[in-house]
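Keep in mind that this is a model prediction, so the values were computed, not measured. Quick note on labels: first sequence line is chain A, next is B, and so on, each numbered from 1.
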Protein chains: 2
Amino acid sequence: MITNKNCIIRLSRYKNSLYRLQSLGFVKVFSENLADAVGVTAAQVRKDFSLFGISGNRRGGYEIGSLLEKLNTILGKDQVQKVVVVGAGHLGGALMRYNGFEKEGIKIAACFDIDPATYDRASRIPVLPIEELRAFVKDNAIRIGIIAVPDVAAAQVAEQMSNAGIRGILNFAPIRLKVPEDVTINNVNLELELENLIYFVNILNKTKAK
Amino acid sequence: MITNKNCIIRLSRYKNSLYRLQSLGFVKVFSENLADAVGVTAAQVRKDFSLFGISGNRRGGYEIGSLLEKLNTILGKDQVQKVVVVGAGHLGGALMRYNGFEKEGIKIAACFDIDPATYDRASRIPVLPIEELRAFVKDNAIRIGIIAVPDVAAAQVAEQMSNAGIRGILNFAPIRLKVPEDVTINNVNLELELENLIYFVNILNKTKAK
DNA sequence: GTATTATTGTGAAATAAATCACAATACATG
DNA sequence: CATGTATTGTGATTTATTTCACAATAATAC
Ligand SMILES: NC(=O)c1ccc[n+]([C@@H]2O[C@H](COP(=O)([O-])OP(=O)(O)OC[C@H]3O[C@@H](n4cnc5c(N)ncnc54)[C@H](O)[C@@H]3O)[C@@H](O)[C@H]2O)c1
Ligand SMILES: NC(=O)c1ccc[n+]([C@@H]2O[C@H](COP(=O)([O-])OP(=O)(O)OC[C@H]3O[C@@H](n4cnc5c(N)ncnc54)[C@H](O)[C@@H]3O)[C@@H](O)[C@H]2O)c1
């Protein structure tokens, strides 16, 4: 079982590049092309594939169609993935209005909030009371949830999600969540990302100044 | 020069935890406490510090105040960092309305867009025509920019930013940007994060099922 | 003031990830 | 059908990161 996050992210990137190549009319691809498209080395591409038992044709490269099939299976893209968002504020609202997820086979099935002013059952993506989270998640067999509530509420929401049966959480609140070990958390911490950028901008500036 | 992103992210986490401990009244901290708070090993904490020449007192732990000072210097937090956002749409709007950045000493100085309907010079954070980016960045000595425009516009905006003198870009558009090597890019690709989560949820589910 | 103890700081060791390098081999060419 | 060539697949190597383990040492106890 491969648990190297970077490796899985690369698979996603290969997949995305392959769709682009396919839409350009390409049918076959060499590790070298794919590497260029994604910004890694050709050896890395082949190694990644080798790790997942994906093979091409010696001297013939890879057939894009079947390569995509294999990647999609590994990445769980053979069916539309339904997710829920908790927190219908600024960020939650932006996520609900974003149409880039559908293209990737990711559907926001509903949003949940604690504030009645946000509720809207009639909307394309309904906004429902948080009390209905559990039933909704069970009824729709949802396994992925997005936390877009203030940090003080995030721990509680994480617990509600976990109890409801959600197994993967994308967390935007800038705190560390404690969840059972069978729940995976991916944090998106923008403060940290910016702080990180500042560090790298500073050191690169200093080095050049020398 | 340390260029390990994870290591720098840990420094930020140490810093955040230290503020929390400090506000709780603590004055000293041991690597063990900090490790627990951040979710790493004590050896990792000490090694990270050692890498940056930070030292504490044998048997006495670290004095939180001076530790914070050192971390803040390393992380460039000794002054408020001004950043600009390009793209005043859903995401850009959410970022502008978010007040969590100020707490971290990060100030969104202005937002830029191409659509006149979004312009608003009177707002707390002005929304200005993209043509003014260059002058604004120069006048305010800004080095960090956030890209929140559609993917088709992102490459162009990255170039405009780079030309204007921006040296660090936080990019939300789901594409790979090409920039001069003295510009650092941190990508936040939510599609990828979700796809990644789906993979881990799937494999963990399968493993347990065995 | 000496012994005991807790904690740091850091080389050494272990582990993880990326890259190298080349044998295996399928296709092309004549 | 033999020869040459391009490309894969992967074991070996290198590089990066984390963990270990323990000497150095400062605070505490007696
Ligand atoms: N807005 C941004 O650009 C931005 C940037 C970085 C991080 N974040 C993080 O994302 C999260 C959301 O930010 P935001 O700006 O959208 O906040 P927001 O205040 O606009 O929205 C939060 C929403 O969560 C709801 N909520 C609060 N407690 C809840 C609970 N227990 N259960 C269900 N819903 C609850 C509120 O009613 C509100 O609608 C925060 O943790 C924030 O730190 C946001
Ligand atoms: N909204 C989300 O939740 C979300 C989620 C994931 C990724 N993203 C990414 O973030 C980016 C922004 O998404 P959004 O939903 O805010 O889009 P949006 O369409 O709501 O807003 C985009 C804004 O950019 C402006 N713009 C377009 N071209 C420009 C240019 N050349 N220069 C300056 N401004 C320009 C538009 O006028 C608009 O105001 C996209 O790349 C999207 O893929 C958004």
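OP1 and OP2 of C:dA17 both lie 4.0 Å or more from every side-chain N or O belonging to A:Gln44. Applying the 4.0 Å criterion to OP1 and OP2 of C:dT8, one finds that B:Asn57 has every side-chain N and O outside that range. Applying the 4.0 Å criterion to OP1 and OP2 of D:dT18, one finds that B:Arg10 has a side-chain N or O inside that range.
Ion pairing between a basic and an acidic side chain is recognised when a charged N comes within 4.0 Å of a carboxylate O; A:Lys77 and A:Glu69 show no such pairing. A salt bridge links B:Lys15 and B:Glu104; the closest N-O separation between the charged side-chain nitrogens and carboxylate oxygens is under 4.0 Å. Ionic pairing of B:Lys103 and A:Glu191 is not present here: no N-O contact between side-chain nitrogen and carboxylate oxygen is shorter than 4.0 angstrom. Ion pair B:Glu193/A:Lys5 flagged as a salt bridge, since at least one NZ, NE, NH1 or NH2 atom sits closer than 4.0 Å to an Asp/Glu carboxylate oxygen.
Rounding to whole angstrom units, CG of residue B:Asp36 and C1' of C:dT7 are separated by 15 Å. For the pair B:Asn33 CG and C:dA6 P, the interatomic distance rounds to 15 Å; values are reported in whole Å. If you measure from atom CZ of B:Phe30 to atom P of C:dT5, you get 17 Å, rounded to the nearest angstrom. In this structure, A:Asn4 atom CG and C:dT19 atom C1' are separated by 15 Å, rounded to whole Å. The OH-P distance, from B:Tyr62 to C:dA6, rounds to 18 Å in whole Å. Taking atom CE of A:Met1 as the reference point, atom P of C:dA16 lies 12 Å away to the nearest angstrom. Counting to the nearest Å, the C1' atom of D:dA26 and the CD atom of B:Glu63 are 16 Å from each other. As a whole-Å value, the separation of A:Leu67 CG from D:dT7 C1' is 15 Å.
Checked against D:dT8, D:dC20, C:dA12, the side chain of B:Lys47 finds its nearest nucleotide in C:dA12.
As judged by a 4.0 angstrom heavy-atom cut-off over every strand, A:Phe49 is placed among residues making no nucleic acid contact.
Taking only distance into account, the side chain of B:Arg59 meets the base of D:dA27 through a donor-acceptor pair shorter than 3.5 Å. For D:dT25, the base has no donor-acceptor partner in the side chain of B:Arg58 [N/O atoms by modelled type, under 3.5 angstrom].
Both A:Asp48 and A:Gly60 lie close to DNA chain C; mapped to their nearest nucleotides by heavy-atom distance, the more 5′-ward contact belongs to A:Asp48.
Rounding to the nearest 0.5 Å gives a distance of 9.0 Å between CG of A:Leu21 and CG of A:Leu68.
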